[in-house]
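Each remark here refers to the structure printed beneath this line.
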Amino acid sequence: MRRLLLSLIAGGLLCLAFPTFDVWVAAPLALAVWAWAWTGAGGRRGFVSGLLGGLAFFVPTLSWSGIYVGSLPWLALATLQALFLGLAGALYGWLSRRGSVRPMAFALVWVVAEGFRARAPYGGFPWLKLAFGQADSPFGRLVALGGAPFVGSVVALSGALLALAAQHALSAVAERRGSVATSDRRWHLPSRRFALPAVSALVLGTVGLAVPLPTDGPSAQFLGVQGNVARPGLDFNAERRQVLDNHVAATLKAQEDVDAGRAPAPDLVVWPENASDIDPLRNADAKSLILETVDALKRPLIVGGLLEEPVGFVSNVALLFEPGKGNTDRYVKRHPVPFAEYIPNRSFWRTFSKEVDLVRRDFVQGPGPGVFRVTTASGQQVRAGLAICFEVAYDDIMRDAVQAGANVLVVQTNNATFGYTAESPQQLAISRLRAMEFGRSVVHVSTVGQSALITPDGTAHQVTSLFTQAVVRGALPLRDATTLATRVGEAPEWAAAAALLTMLALGLRGGRGERAGGPGVPDTTKDEDDDDAA
């Protein structure tokens, strides 16, 4: 019971590290409690402890996923994610079955479990990666060195080191109480054993402050338009023409300030996802409105819209419109959301719920990364790397855009279906971390908020309120320098997976030695059934 209680406490504590609580230090503390709870648990108890702790974390932090569609999808998603923490608990519980905290093993297990969760099933769901709650912390700056997996590994390692320090401290207290005549030597040695992991955890928690996050470079003027919708919820776009009209009106109002000399002219204007759910290439009225807006701006406009193509499918797209040229480029969302934008294995899931047929047509998957190229009035080239909605959480999608030449990132999203919840702040926090990871400015624009302009150091400027009509405007640096994280790509994750497999292989070999009664290997079979094991 002690392990289960500690795991539940850790899950609840980790919730505080993410928006809208934003207490980043709660992450290493939560992982310290998890490392303590799982150590010596063995595989079976580790799995149960990890699963329950995962539910304590994912159920509240993903509550926005059921705000309008009911509790079943929300709880199903939270349970699926919690299973990966159950797997982590099982692996680490087995590796630490002798009862001693193993910080490196804990960190490797955590990174591999998060990597698995980000890829499976159906392309995974990397939302709420440990790094995504660290945009304001020294840990977060480490993302420029090795991406989100590296940040997660360092947070997990520091948490496990704290758990090891606590284990040594309690061991020292037990030794002192159990000794009839305590000498200074017996007391100081455990004190040093406590100090080393504690100081190491402190160093890991502050070393990120030494990572530079440059923001220099030539700049361009950006205008992000948050047009707002008639109402939050699943029927946010029931009046699709009104949503389009809202974005046109907000854009033309912003242009009045330019014409009057109250604001600088934008080099690129961005509308969010679903700004035109009326197909702007096939519907004459929608296309006319957009072209008239572009002519008034005299600058390129990126429109988030839906296309009635290919036959039998729908495409979630970003479209580039330029004055006098019309639509000149497009990006099709590469990672449609399963069970929301398409139904995988539809006939199988229909046996459980006919609600799957509410998604009448599946969204098609885009062919590759999108980079829109436009030239500013001063002759600078803007190369805008595109991501639509949840794609910002996928490491490879964002990295592909940068490697394709993007010198600024554009994240278009629609948060209307999640109401006044933490989903939008959580997403904005991910965009902030991406800015630091790749050394790129980010134009983060939502239909309903939160929208912001983000500089390459992760600072969000002009953050808007939810369900208001607003614009974000200003100059952002355009950068071509690549961070170490961009260059190493997925290498840290694969290295962690290889190291973990090696640990598991050595553990299995050692386990065979124990069963064979090999010399020098203690019998630990009782530890797995002992709730009070260290």
Side-chain angles (χ1 to χ4, degrees), residues 65 69 73 76-77 80-81 115-127 129 148 237 270-282 302-320 327-350 355-372 384-406 409-415 417-418 423 427 430-431 434 445-447 489-490 493:
S65 62
V69 297
L77 177 61
L80 175 62
Q81 302 307 299
F116 192 21
R117 182 168 70 84
R119 292 171 172 83
Y122 303 122
F125 186 69
W127 205 266
K129 272 189 174 182
N237 225 359
V270 181
W271 285 2
E273 179 188 27
N274 297 124
S276 180
D277 274 4
I278 303 173
D279 188 327
L281 300 185
R282 290 170 174 76
I302 299 177
V303 175
L306 296 183
L307 299 184
E308 303 288 330
E309 60 177 71
V311 176
F313 294 87
V314 182
S315 296
N316 191 350
V317 299
L319 300 172
L320 178 64
N327 175 223
T328 58
D329 207 348
R330 75 171 62 178
Y331 166 71
V332 181
K333 188 175 182 179
R334 294 172 60 190
H335 199 293
V337 180
F339 302 101
E341 294 179 320
Y342 78 102
I343 304 297
N345 308 117
R346 186 182 290 263
S347 58
F348 171 78
W349 292 110
R350 190 184 288 117
E355 301 298 314
V356 298
D357 289 326
L358 290 176
V359 180
R360 292 187 294 274
R361 286 187 296 169
D362 290 338
F363 283 58
V364 72
Q365 180 178 347
V371 178
F372 292 167
L386 281 301
I388 298 177
C389 199
F390 286 99
E391 287 187 324
V392 71
Y394 291 86
D395 298 345
D396 58 334
I397 289 178
M398 302 304 293
R399 184 170 53 250
D400 287 350
V402 175
Q403 291 178 334
L409 296 172
V410 171
V411 177
Q412 299 169 284
T413 185
N414 168 34
N415 311 103
T417 54
F418 304 114
E423 187 272 346
Q427 189 175 44
I430 301 174
S431 282
R434 295 305 187 195
V445 186
S446 167
T447 48
E490 296 180 338
E493 282 185 292

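We count residues from 1, following the sequence as given. Here the structure is a predicted model, which is why all the values come from computation and not from measurement.
From Y342, atom OH reaches atom NE2 of H335 across 6.5 Å, with rounding to the nearest 0.5 Å. To the nearest 0.5 Å, atom CZ of residue F372 and atom CZ of residue R330 are 9.5 Å apart. Between the CD atom in E308 and the CZ atom in R361 there is a gap of 4.0 Å [rounded to 0.5 Å]. The distance from the OG1 atom of T447 to the CH2 atom of W271 is 13.0 Å, given to the nearest 0.5 Å. With values rounded to the nearest 0.5 angstrom, I343 atom CD1 is found 9.5 Å from R350 atom CZ. In this structure, I397 CD1 and L386 CG are separated by 11.5 Å, a value rounded to the nearest 0.5 Å.
The two residues E493 and G115 come nearest to each other via the heavy atoms OE2-CA, 3.3 Å. Taking each heavy atom of A401 and V371 in turn, the nearest pair found is O-CG2, 3.8 Å. Contact between K333 and C389 at its shortest, heavy atoms only, is NZ-CB, 4.0 Å. Of all heavy-atom pairs between A384 and A406, the closest is C-CB, 4.4 Å. Annotation for Y122 and P344: closest pair CE2-CB, 3.4 Å, computed over non-hydrogen atoms. Counting all heavy atoms, side chain and backbone alike, G368 lies closest to Y331 at O-CE1, 3.3 Å.
For the side-chain hydrogen bond (donor to acceptor under 3.5 Å, both in side chains) with N316, the lone residue among E273, Q412, R334, E391 that qualifies is E273. Exactly one of L281, I302, D329 qualifies for a side-chain contact (heavy atoms from CB on, under 4.5 Å) with L319. That residue is L281.
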### Message
Applying side chain to side chain contact (heavy atoms under 4.5 Å, CB included) to D395 and R434, what does each step give before you reach the verdict?
### Response
CA-CA 9 Å; D395 298 345; R434 295 305 187 195; 2.8 Å; yes
### Task
Before giving the answer on side chain to side chain contact (heavy atoms under 4.5 Å, CB included), spell out for I388 and N414 the whole-Å C-alpha distance, their side-chain angles and the decisive distance to 0.1 Å.
CA-CA 9 Å; I388 298 177; N414 168 34; over 6 Å; no
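Looking at W127 and I430, their side chains come closer than 4.5 Å, going by heavy atoms from C-beta outward. The shortest side-chain heavy-atom distance between M398 and V392 falls under the 4.5 Å cut-off. Side chains of P280 and L307 form a contact here, defined as non-hydrogen atoms less than 4.5 Å apart. Between P121 and L80 the shortest side-chain heavy-atom distance falls below 4.5 Å. You'll find the side chain of S446 stays beyond 4.5 Å of the side chain of Q427, heavy atoms only.
Looking at D279, its side chain does come within 3.5 Å of a backbone N or O of R282 through a donor-acceptor pair. Judged by distance alone, the side chain of N327 and the main-chain N or O of L320 form a donor-acceptor pair under 3.5 Å.
F125 and F390 have tilted rings, their planes meeting at an angle from 30° to 60° on a 0 to 90° scale.
Within a 6.0 Å radius of CZ in F313, other residues, nucleotides and ligands contribute 12 heavy atoms or fewer. In F116, the CZ atom is not crowded: 12 or fewer heavy atoms of neighbouring residues, nucleotides or ligands sit closer than 6.0 Å.
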